[in-house]
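What follows is one structure encoded as structure tokens, with my remarks underneath.
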Protein chains: 2
Amino acid sequence: MPSDNGLNLGLLLFIPYRAMETRVFAALAAAGFDDFTPAQARVFQRIGPGGNRLTELAEQAQITKQSAGFLVDQLERAGYVERVPDPTDARARLIRIAERGARAVPLAAAAVAEVEAEWTALLGDDRTDTLRDILTELRAHTDPWAE
Amino acid sequence: MPSDNGLNLGLLLFIPYRAMETRVFAALAAAGFDDFTPAQARVFQRIGPGGNRLTELAEQAQITKQSAGFLVDQLERAGYVERVPDPTDARARLIRIAERGARAVPLAAAAVAEVEAEWTALLGDDRTDTLRDILTELRAHTDPWAE
DNA sequence: AAAGTTAGTCAGAGGCTCTGACTAAAGACA
DNA sequence: TGTCTTTAGTCAGAGCCTCTGACTAACTTT
């Protein structure tokens with residue numbers, strides 16, 4: 001599906017995304033956080049400071065709540081997240097980052113920062129800022145979850 | 001894994017990528033090409049004009065050759081690709097786009113173009129060009145397959 | 001000619017995601 | 001209040017995807 005000018009933007013977006021994911025994974029695995037999968041991480045990544053309901057995580061990750069539940073079960077068993085009752089709704093529970101998860105987060109953030117720094121060294125400050133701006137703008141258009 | 005300035009670049013790249021993929025899928029499904037999966041498409045997408053060996057497709061898609069073989073089997077059964085002997089190596093076969101696949105390609109390209117046009121309308125010509133330039137530069141750094 | 005490498009397949013296991021059906025709690029409303 | 005509808009989440013089952021390990025056949029190197 002080429003465009004008139006090189007690869008299509010979809011694939012062009014995917015390639016660095018994949019590179020980032022691989023790097024963050026490798027960094028976490030090297031630090032002993034090797035007992036989770038990419039699919040679990042994609043859910044984990046969406047958990048906000050106050051916790052989220054399963055349905056929210058499912059919608060944001062664009063998977064069914066059954067799939068999200070399956071992944072959260074595993075994250076919970078591995079100690080990355082915990083489920084606590086939602087005080088405002090007895091049907092729901094909030095999924096929160098648990099102790100082991102909280103230890104992984106700064107390592108992941110550091111790995112992200114490292115990759116971003118590499119990219120900035122390559123592109124320069126201005127173009128990196130521009131990239132972030134453009135992607136943020138695109139997000140507002142393509143992601144119903146943009147704040 | 002937030003950065004100091006909004007979402008991390010990984011997620012920011014992923015969101016529009018996903019949007020593009022979803023749109024292309026929907027367009028193909030609407031035209032009757034609904035008998036293939038995202039995983040199959042990610043392999044199909046890498047097939048070049050002269051065909052490719054299974055191992056090449058596997059490496060580019062970053063999956064094992066067993067997985068690639070599994071997906072190509074299905075694409076072949078559905079008529080999207082065909083395997084022909086590689087004249088230069090009797091062990092290998094070239095995977096080429098077959099008749100049904102060839103009919104899908106222009107539809108996919110049109111869907112990509114439509115989404116890119118939407119994005120251009122949003123961002124403007126200059127910023128779209130800039131985005132493509134930056135991503136192409138990033139690709140050279142993150143993708144061993146960059147030509 | 002022998003040894004090592006490469007292309008691809010077979011077999012088996014486990015992980016991911018889906019659809020459909022279900023329970024329980026919440027919200028709407030007469 | 002009591003009923004109806006919606007929403008949060010789970011259970012069950014099926015199919016798809018991906019991996020590791022082991023293997024065959026053909027090519028390359030020595």
Side-chain angles (χ1 to χ4, degrees), chain A residues 14 18 21-22 25-26 29 33-48 50-78 80-96 144, chain B residues 14 18 21-22 25-26 29 33-48 50-78 80-96 144:
Chain A
F14 180 73
R18 172 81 151 240
E21 191 180 66
T22 301
F25 247 72
F33 295 102
D34 57 356
D35 55 345
F36 65 94
T37 65
Q40 289 164 30
R42 285 191 279 268
V43 168
F44 182 85
Q45 189 177 198
R46 312 279 180 152
I47 302 174
N52 293 83
R53 295 186 183 178
L54 185 64
T55 304
E56 290 172 343
L57 296 179
E59 285 174 346
Q60 290 180 36
Q62 297 186 50
I63 56 179
T64 61
K65 53 190 178 171
Q66 291 92 323
S67 296
F70 177 85
L71 297 169
V72 168
D73 283 348
Q74 297 173 86
L75 286 167
E76 190 176 25
R77 240 177 281 124
Y80 287 104
V81 307
E82 60 192 356
R83 295 194 231 224
V84 299
D86 183 333
T88 71
D89 190 333
R91 293 169 304 178
R93 281 184 289 171
L94 292 175
I95 292 145
R96 289 198 314 207
Chain B
F14 180 72
R18 172 81 152 243
E21 190 180 68
T22 302
F25 248 73
F33 295 102
D34 56 356
D35 55 345
F36 65 94
T37 66
Q40 289 164 32
R42 285 192 279 267
V43 169
F44 182 85
Q45 190 177 200
R46 311 280 181 152
I47 302 175
N52 292 83
R53 295 186 182 179
L54 185 63
T55 304
E56 289 172 345
L57 295 179
E59 284 174 347
Q60 289 180 37
Q62 298 187 48
I63 56 179
T64 60
K65 54 189 180 173
Q66 292 92 324
S67 297
F70 177 85
L71 297 168
V72 167
D73 283 348
Q74 297 174 84
L75 286 167
E76 189 176 25
R77 240 177 281 125
Y80 287 104
V81 307
E82 60 191 357
R83 294 194 233 224
V84 299
D86 182 333
T88 72
D89 189 333
R91 293 169 302 177
R93 281 183 290 170
L94 292 175
I95 293 145
R96 289 198 314 206

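Within every chain, numbering begins at 1; the chains are lettered A, B, ... in the order of the sequence lines, protein sequences first and strands thereafter.
- Between A/Phe36 and A/Phe44, the distance separating the two ring centers is not shorter than 6.0 angstrom.
- Of the two residues near DNA chain C, B/Arg93 and A/Thr88, the one whose nearest nucleotide lies more 5' is B/Arg93.
- In this structure, A/Asp89 and A/Phe70 both approach DNA chain C, and ranking their closest nucleotides by distance from the 5' end singles out A/Phe70.
- Residue B/Lys65 contributes atom NZ, which lies 7 Å from atom C1' of C/dT6 at whole-angstrom precision.
- Distances shorter than 4.0 Å separate some side-chain N or O of A/Thr64 from OP1 or OP2 on C/dC18.
- Residue A/Gln40 places at least one side-chain N or O closer than 4.0 Å to OP1 or OP2 of C/dC16.
- When heavy atoms are screened at a 4.0 angstrom cut-off, A/Arg83 is found touching the sugar-phosphate backbone but no base atom.
- Note that the CG atom of A/Asp35 and the CD atom of A/Gln74 stand 10.5 Å from one another [nearest 0.5 Å].
- A 6.0 Å sphere centred on CZ of B/Arg96 holds no more than 12 heavy atoms belonging to other residues, nucleotides or ligands.
- Counting 5' to 3', DNA chain D first comes under 4.0 angstrom of a heavy atom of chain A and last does so at the ends given by D/dT7 to D/dC11.
- One finds a salt bridge joining A/Arg42 and A/Glu21 here, because a Lys/Arg side-chain nitrogen approaches an Asp/Glu carboxylate oxygen to under 4.0 Å.
- Between A/Phe25 and A/Phe33, the distance from one ring center to the other does not fall under 6.0 angstrom.
- Here C/dC16 presents its P atom at 6 Å from CG of A/Leu71, a figure rounded to the nearest Å.
- The distance between atom CG of A/Asp86 and atom C1' of C/dG27, rounded to the nearest whole Å, is 15 Å.
- Rounded to an integer number of Å, the gap from CD of B/Glu59 to C1' of C/dT6 is 11 Å.
- Between A/Thr37 and C/dC16 there is a side-chain N or O to OP1 or OP2 distance below 4.0 Å.
- In this structure, A/Asp34 atom CG and C/dG15 atom C1' are separated by 16 Å, rounded to whole Å.
- A/Arg83 places no side-chain N or O within donor-acceptor distance of the main-chain N or O of A/Ile95, the cut-off being under 3.5 Å.
- Residue contacts shown for B/Gln66 include a base, since a base heavy atom lies under 4.0 Å away.
- Side chain of B/Glu59 to backbone of B/Glu56: no donor-acceptor contact under 3.5 angstrom is found.
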